[in-house]
Amino acid sequence: MLMEIAPELLERKKVEEKKLPPLPNAEKGKVVTRLPPEPSGYMHIGHGMSGLLNYLYAKMYDGFVWLRFEDTDPRKVKPEYYESFRRGYRWLGIEWDDEKNNSDDLELFYKYAEKLIKLGKAYVCRCPIERIRRFRREMKECEHRSQGVDENLDLWNRMLGGEFGEGEAILRLKGDMRSKNTVMRDPALFRIIDHPHPLTGKRYKVWPLYDFAVSIEDHVCGVTHVLRTSEFALRDELQNYIRELLGMSNPIYVEYSRFEFKGTPVSKRKLRALIETGIASRWDDPRFPTIDGIRRRGILPEAIKEFTITQTGFSYAKREYDWSLLFAINRRLLDPKARRLFFTPNPVKLLVEGSPKISVDVPYHPDNRELGSRKIEADGEFYISGGDFEEMKVGDVLRLKYLMNLKILEKKREHVRAEFLSREPMKNIKIIQWVPVDEAVRVRVMVPDILYINDEVNPNSLKIINGFGERAVEDVKVDEIVQFERFGFCRRDLEPEPLFIKAHD
RNA sequence: GCUCCGGUAGUAUAGUCCGGUCAAGUAUGCGGGCCUCUCGAGCCCGUGACCCGGGUUCAAAUCCCGGCCGGAGCACCA
């Protein structure tokens with residue numbers, strides 16, 4: 001239809017459809033990226049968007065994606081978090097080609113460590129930690145740095161043999177103690193951790209640090225493009241240097257500042273504090289930026305994907321997205337497929353005098369006929385929303401949608417009295433939603449808002465609204481997202497009694 | 001404090017590398033209108049920005065210098 005009237009409109013839409021900018025030095029079929037979560041907390045939307053970027057680019061170039069858990073700190077890593085990321089990525093529609101853990105490769109890391117030692121590029125340092133830090137600050141080298149290869153090899157083997165306790169020895173890279181980039185000042189490559197790892201148990205006590213593990217793994221995985229947030233930017237030099245010493249080639253880095261949303265902290269520390277102070281009770285709280293939280297709120301994975309593609313750029317500047325940007329996309333996606341239902345928040349009773357008994361067939365969607373319809377029986381006693389009650393005046397003429405026109409006779413909190421006028425729609429009168437008293441279903445709706453306003457905790461970040469829904473509300477399935485007309489899009493949450501969570505208007 | 005890196009409308013971005021076509025595009029928000037038996041969707045119109053100050057140049061959002069503001073890093077975390 002539109003095609004005939006105004007084909008140029010469609011054309012324009014197509015052209016404007018934003019795509020990801022091309023990746024530098026990317027060849028079709030040869031791009032390899034990775035999803036590198038640290039399983040030390042629940043996955044959040046920032047991880048998701050970053051993961052999407054890595055996945056989407058690999059897909060765009062018919063490439064390959066790794067899911068690789070960066071789990072080299074046994075004390076931080078927990079099994080449930082590995083699963084949180086797998087579930088989150090899957091939910092977002094990210095399909096990874098292969099999966100591994102950095103903790104699978106300890107032997108390999110040891111091998112490369114030995115190579116570095118033999119190259120004279122790594123040494124075992126036995127300085128106390130404070131001294132290491134001080135020397136680093138003062139750009140001074142310690143005496144261990146000049147040990148011979150054999151002595152380092154011996155010390156290293158004794159480290160592996162369990163001869164030293166935590167903090168008694170580390171393997172350090174011979175970098176440049178005078179470098180302006182502090183990460184180059186002889187960084188630690190391995191340290192001793194006497195704590196079981198969820199995957200390898202007590203087998204290993206010498207664990208690589210991030211930069212070493214990543215350098216090796218990115219090479220082993222054949223990663224060509226690293227898309228990551230900018231807090232890692234200073235590590236490029238180090239990781240590249242390690243690989244160069246080992247004769248490995250380097251990937252291309254694309255870095256960008258974190259994805260943050262207004263009034264919504266993403267840090268584990270802050271989120272945990274909200275739980276501990278009782279402001280939130282669970283990690284999947286719909287106000288939280290965790291993947292479980294936004295899923296529960298009713299944000300579609302497709303919306304996050306489209307948002308990532310259209311609203312994102314590779315900027316180093318700090319940015320804080322307004323939730324409305326995501327909501328707008330979500331709403332557009334939901335609109336054609338969400339069933340429309342009647343819900344009356346803060347209800348007030350309405351008695352219509354002279355109302356005939358009416359049975360109406362109400363479509364679930366104004367345009368999408370496939371969604372079907374339901375029958376509602378009405379006999380003159382209804383609930384209407386408190387908001388509509390506040391606004392009405394005696395003498396007003398208004399319409400109960402799909403049902404009848406009426407005139408307000410009396411307005412009291414206990415009930416409103418009205419007079420039946422007619423059934424056919426009248427022009428220019430207010431249309432309101434209604435629920436027959438006979439079939440009213442008690443409904444609770446959680447309405448999430450931003451957690452912080454100007455760095456202060458928002459006292460109204462979660463409201464609970466009570467009201468009545470029509471009978472069909474009972475049949476809404478868990479996870480289904482419906483639109484309560486003139487209220488907003490809401491997802492049915494897992495609770496016996498109808499509990500909904502409002503996503504947005 | 002030190003070292004890097006940024007600053008385009010309320011928000012997020014395009015443009016900045018290779019100065020002119022940018023009196024700055026898009027999305028969202030906001031205001032108004034049309035349409036609609038939803039204050040949703042759709043359509044139309046409007047609103048609103050190149051951090052500040054110098055310099056280079058015929059010409060600067062784009063290059064240079066200074067200032068201000070913001071972010072990141074400065075771990076035996078990732």
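Predicted model, so just to flag it, every value in this text is computed and none were measured. Within every chain, numbering begins at 1; the chains are lettered A, B, ... in the order of the sequence lines, protein sequences first and strands thereafter.
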Subject >> Test of ring centre spacing under 6.0 Å for A:F489 and A:F500 >> reply: no

Within this structure, what is the [atom1]-to-[atom2] distance between [X] and [N], rounded to whole angstrom?
{"X": "A:I429", "N": "B:U38", "atom1": "CD1", "atom2": "P", "answer": "12 Å"}
{"X": "A:R68", "N": "B:A78", "atom1": "CZ", "atom2": "P", "answer": "13 Å"}
{"X": "A:L209", "N": "B:C77", "atom1": "CG", "atom2": "P", "answer": "5 Å"}

Between [options], which one does the side chain of [X] approach most closely?
{"X": "A:F232", "options": "B:U13, B:A78, B:G29", "result": "B:A78"}
{"X": "A:R191", "options": "B:C37, B:C76, B:U11", "result": "B:C76"}
{"X": "A:T182", "options": "B:G40, B:A78, B:C74", "result": "B:C74"}

Original post:
Out of A:R86, A:R68, A:R34, which one pairs with A:E99 under the salt bridge (charged side-chain N to carboxylate O under 4.0 Å, His left out) rule?
Top reply: A:R86

Subject >> Upstream residue (5' side of RNA chain B) when A:R332 and A:A188 are each assigned their closest nucleotide >> reply: A:R332

**OP:** Take A:T72 and A:E260, find for each the nucleotide of RNA chain B with the closest heavy atom, and name the residue whose nucleotide sits nearer the 5' end.
**Re:** A:E260

Original post:
What stems involve RNA chain B, if each pair must be Watson-Crick or G-U and both of its distances must be under 3.5 Å, with 3 or more such pairs in a row?
Top reply: B:1-7 with B:68-74, B:10-13 with B:25-28, B:29-34 with B:42-47, B:51-55 with B:63-67

Subject >> Backbone N/O of A:G46 and side chain of A:S50: donor-acceptor pair under 3.5 Å >> reply: no

Original post:
Does A:R228 make a cation-pi contact with A:F314, if we ask for NZ or CZ under 6.0 Å from the ring centre and within 45° of the axis?
Top reply: no

Original post:
Under 4.0 Å between a side-chain N or O of A:R331 and OP1 or OP2 of B:A41?
Top reply: yes

